[in-house]
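Positions are given from 1 along the sequence.
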Amino acid sequence: MATSFNNAKFTVPVNDVEHQTTIATTTLELDETSKDFDYSKRSQWLRAAVLGANDGLVSTASLMMGVGAVKQDIKAMILTGFAGLVAGACSMAIGEFVSVYSQLDIQVAQLKRNRDQGNTGGVTAEKEEEEGLPSPIQAAAASALAFSLGAMVPLLAASFIRDYKIRLGVVVAAVTLALAVFGWLGAVLGKAPVVRSAVRVLVGGWLAMAITFGLTKLIGSSGL
C-alpha cells in the first residue's frame with residue numbers, strides 16, 4: 001500500500017500551466033508597457049490644462065481679493081470675478097491657439113522638407129510624426145475650459161457669504177485647497193515630484209493674492 005502511494009504520479013493539467021504562463025506573460029507585458037510609456041506625450045494637453053486652471057484660479061481670486069481690499073460689497077466682488085473669468089478664458093484660448101498653430105506650421109513645414117529630401121524614415125515613421133502633430137483647437141479649448149473651471153472656485157466660494165471678513169477667508173481657503181489639488185494632479189499625470197509641485201503652486205498663488213490685495217489696499221487708502 002505504501003509502495004503504491006509512493007509510486008503514484010501527480011500531473012498538472014496542461015491547460016492550467018498554459019493559462020498561468022499566459023497570465024504571467026501578459027502581466028510582464030503590461031508592466032513593461034507602463035514603464036516604457038512616454039509621459040512627454042501628455043505635455044501638450046497637460047500643459048494647457050494645468051496652466052489654464054492655475055491661471056483661472058489665481059488671477060480671478062487675486063482680482064476678487066484686490067476689489068475686496070477696497071470694497072466690501074459682494075456684488076462688486078462677484079462681478080469682478082465674473083469679468084475676469086470671461087476675459088481670461090478668451091485670452092487663454094486665443095493665445096494658446098496662436099501659439100500652438102505657429103508650432104504646427106513649423107512642424108508641418110519640416111515634414112514637407114523631409115518628404116522632399118526623402119528623409120522621412122519610412123511610411124511608419126512619417127505616419128507617427130503626422131499623428132504627433134499638435135492640435136491648436138484642442139489646446140485652445142483645453143485652456144479656456146481649464147481657466148473657467150479654475151475661476152469658478154473663488155466665485156462659488158464668495159457667492160453665498162455676506163459677511164466681508166468671512167468671505168475673504170473662505171475665498172483664501174477654497175483657493176488654497178484648489179491650488180494643492182491642481183499641483184498634485186499635474187504632478188501625478190506628468191510623473192513629477194508631488195510635494196515639490198504642490199508647494200510651488202501654493203506659494204505662487206498665495207504670493208499673487210497677497211501682492212494684489214496689499215497694493216490695492218495701499219492705493220485705495222491713499223485716496224488715489
Side-chain angles (χ1 to χ4, degrees), residues 43 46-100 139-140 142-190 192-224:
S43 60
L46 178 60
R47 180 182 66 88
V50 173
L51 180 63
N54 281 327
D55 278 357
L57 180 65
V58 174
S59 61
T60 304
S62 298
L63 280 172
M64 294 174 65
M65 292 294 291
V67 172
V70 293
K71 289 183 71 71
Q72 299 185 9
D73 183 17
I74 186 174
K75 184 177 180 180
M77 199 172 184
I78 298 301
L79 286 176
T80 301
F82 181 75
L85 185 157
V86 176
C90 293
S91 176
M92 287 290 294
I94 294 172
E96 196 68 23
F97 181 85
V98 172
S99 175
V100 175
S143 292
L145 178 60
F147 187 98
S148 300
L149 291 175
M152 287 299 296
V153 174
L155 276 173
L156 291 175
S159 295
F160 306 102
I161 301 176
R162 295 290 177 182
D163 186 85
Y164 169 69
K165 292 183 179 180
I166 295 178
R167 189 191 320 136
L168 292 181
V170 170
V171 168
V172 173
V175 170
T176 298
L177 178 60
L179 285 171
V181 171
F182 288 152
W184 168 83
L185 183 61
V188 169
L189 293 177
V194 175
V195 176
R196 186 185 304 172
S197 177
V199 170
R200 183 169 57 243
V201 173
L202 273 174
V203 172
W206 287 340
L207 281 175
M209 289 189 294
I211 292 172
T212 306
F213 183 89
L215 289 178
T216 309
K217 189 75 171 177
L218 178 63
I219 294 174
S221 61
S222 64
L224 295 178

About how many Å separate [atom2] of [Y] and [atom1] of [X], when rounded to the nearest 0.5 Å?
X: Met209; Y: Thr176; atom1: CE; atom2: OG1; value: 5.0 Å
X: Leu85; Y: Ile78; atom1: CG; atom2: CD1; value: 11.5 Å
X: Met152; Y: Phe82; atom1: CE; atom2: CZ; value: 9.0 Å
X: Ile94; Y: Ser99; atom1: CD1; atom2: OG; value: 13.5 Å
X: Leu79; Y: Leu155; atom1: CG; atom2: CG; value: 10.0 Å

How close do [X] and [Y] get, counting heavy atoms only, and between which atoms?
X: Ile166; Y: Ile161; result: CG2-CG2, 3.8 Å
X: Ser197; Y: Ala187; result: CB-CB, 3.7 Å
X: Val170; Y: Ala157; result: CG1-O, 3.6 Å
X: Ala93; Y: Ala140; result: O-CB, 3.4 Å

Side-chain donor/acceptor pairs under 3.5 Å, residues 50-72, sequence neighbours excluded:
unit_1, atom_1, unit_2, atom_2, d
Asn54, ND2, Val50, O, 3.3
Ser59, OG, Asp55, O, 2.4
Thr60, OG1, Gly56, O, 2.8
Ser62, OG, Val58, O, 2.7

Ala87 backbone acceptor or donor facing Ser91 side chain under 3.5 Å: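 Looks like no, no N/O pair under 3.5 Å.
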Contact check, side chains of Phe213 and Leu168, non-hydrogen atoms, under 4.5 Å: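 Yes, their side chains come closer than 4.5 Å.
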